[in-house]
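Everything below concerns the one structure shown next.
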2 protein chains.
Amino acid sequence: MQNDKLSDCLDQFIKHCKKFDLRITPQRCAIYKKLIKEENHPTAEEMFNIVRKEFPNISYDTVNRTLLTFAEIGLVDVVSTKGGPRRFDPDMDKHHHFHCIHCGKIVDFYSDEFDNLGIPDYFQDDFTVYTKRVVLNGLCKKCRKKKGLKDRNIAIQNKK
Amino acid sequence: MQNDKLSDCLDQFIKHCKKFDLRITPQRCAIYKKLIKEENHPTAEEMFNIVRKEFPNISYDTVNRTLLTFAEIGLVDVVSTKGGPRRFDPDMDKHHHFHCIHCGKIVDFYSDEFDNLGIPDYFQDDFTVYTKRVVLNGLCKKCRKKKGLKDRNIAIQNKK
DNA sequence: TATTAAATAGGATTCATTCCTATTTGTCAA
DNA sequence: TTGACAAATAGGAATGAATCCTATTTAATA
Ligand SMILES: [Mn+2]
Ligand SMILES: [Mn+2]
Ligand SMILES: [Zn+2]
Ligand SMILES: [Zn+2]
């Protein structure tokens, strides 16, 4: 990202915070700046470790709380997963996810067909739908080879 | 479910277990019998509390481990969620979910249109897709009225 | 610049899940 | 039918993630 693009982005960020009466703290700015560079659906802990490099005093709680706040005001998404630590998605564009059930990797993909899906009519009456995401589960190329999924927990969710 | 239907179901269950070299234990049978009656995407703890009524000695760990084992052999699904305790889905038919971000309720819905969605071609080469689910997030009828979502955590995930 | 409520740091706590291991038990073959 | 044995269980301990608590700091405002 170019520098002017980044500062545009930060201006937007500040406006967005103000709209929701959130104070512009150095912690929030630091977290946001790192967040928008992330491509890998980071956890709060991963973000904590990234941000603390430039902000050694920041606490885990602040990072986690801030990411949740960002989610609330629509600056980041929380990824739907089958378990494991919560993962955040700074890409707010319409897109969908493939989850590898072996290694836990989450891969973005884009599909007009998926995006254009309508919500069933009978549903609209009883529910207000904010987001619609397709979630695929399966094996990525690497994991397809290995296989040997003997341990239950590896088969079910990402395990370190 | 009629009695003969239930025993058919249990026969299937036993066959399925044997196919995977799993022993037929009274715990597994008890859990399975209760599981297939559940409509509400129960957690391990909820299943534990249901099963222990008829099996007072069973341990939480056994219930949780067994549900994960069932998931591994395709007797139950793990629901994709944005947090909170893991929830199981005994309905293995193709269907999709609406999640209320306020109260946490998960509602099934069925849609041929969703089911018939193809996976993007370029994707098939690099990934083996086992399941495809559409996840809607929003507000259910009840929660639409209340609103007042002031507490971040309530807005983000189900909170007791 | 003083006021004030919001936000933070850091430790404690809670909650879900997994691990550990002595004991029990289902399965299979003799 | 019984004995051997690996698999499964019970129950408690440990772990990991998320949340809570509260004294202190600080951004915003006038
Ligand atoms: Mn994404
Ligand atoms: Mn369901
Ligand atoms: Zn993988
Ligand atoms: Zn609701």
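These figures come from a predicted structure and were not determined experimentally. Letters A, B, ... are given to chains in the order of the sequence lines, protein chains preceding strands, and every chain is numbered from 1.
B:T25 has no side-chain polar atom (N or O) that falls below the 4.0 Å cut-off from OP1 or OP2 of C:dG26. Listed pair B:S59 / D:dA10 meets the phosphate criterion, a side-chain N or O lying under 4.0 Å from OP1 or OP2. In terms of phosphate contacts, B:Y60 brings no side-chain nitrogen or oxygen within less than 4.0 Å of OP1 or OP2 of D:dG11.
Going from atom CG of A:D21 over to atom C1' of D:dA27 covers 13 Å, rounded to whole Å. Separating the CZ atom of A:F20 from the C1' atom of C:dA5 is a distance of 20 Å, rounded to the nearest angstrom. The CG atom of A:L22 sits 19 Å away from the P atom of D:dT26 (whole-angstrom rounding). Across the protein-nucleic acid pair, A:R65 atom CZ and C:dA6 atom P stand 14 Å apart, rounded to whole Å. Atom pair B:K18:NZ and C:dT27:P shows a separation of 6 Å (rounding to whole Å applied). D:dA6 atom P lies 10 Å from atom CZ of B:R23, rounded to whole Å. One interatomic measurement links the two molecules: CG of A:L67 to P of D:dT19, which rounds to 11 Å at whole-angstrom precision. In this entry the distance linking CG of A:L68 with P of C:dT8 reads 12 Å, nearest Å.
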Trace of the ring-ring contact (aromatic ring centres under 6.0 Å, His included) decision for B:F70 with B:F13
CA-CA 10 Å; B:F70 287 174; B:F13 166 69; 5.5 Å; yes
Could you give me the CA-CA distance, side-chain angles and deciding distance for B:K132 and B:D115, then say whether salt bridge (Lys or Arg N to Asp or Glu O under 4.0 Å) is met? CA-CA 8 Å; B:K132 175 187 66 188; B:D115 296 341; over 6 Å; no
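Ranking C:dT17, C:dA9, C:dT27 by closeness to the A:I58 side chain, first place goes to C:dA9. The side chain of B:Q27 approaches D:dA10 more closely than any other nucleotide in the set C:dT8, C:dA9, D:dA10. When each of C:dT17, C:dG10, D:dT19 is scored by its nearest atom to the side-chain atoms of A:N57, the top-ranked nucleotide is C:dG10. Of the candidates D:dT19, C:dT17, D:dT9, D:dT19 carries the atom nearest the A:N64 side chain, counting heavy atoms from C-beta on. Side-chain proximity of A:R86 to D:dA18, D:dT9, C:dT18: nearest is D:dA18. Distances were taken from every side-chain heavy atom of A:F55 (C-beta onward) to each of D:dA10, C:dA16, C:dA9; the shortest belongs to C:dA9.
Among the protein residues, A:D61 comes within range of the nucleic acid bases, having at least one heavy atom under 4.0 Å from a base atom.
Relative ring orientation between A:F109 and A:F114 is described as perpendicular, the plane-to-plane angle rising above 60° on a 0-90° scale split at 30° and 60°.
Nucleotides of DNA chain D nearest to B:R28 and B:P56 differ in position, and the one nearer the 5' end is that of B:R28.
Few gaps surround CG on A:N116; more than 12 heavy atoms of other groups in view lie less than 6.0 Å from it.
Under a hydrophobic clustering in which Ile, Leu, Val, Met, Phe, Trp and Tyr are joined whenever their side-chain heavy atoms come within less than 4.5 Å, directly or via other members, B:L35 and B:F20 fall into the same cluster.
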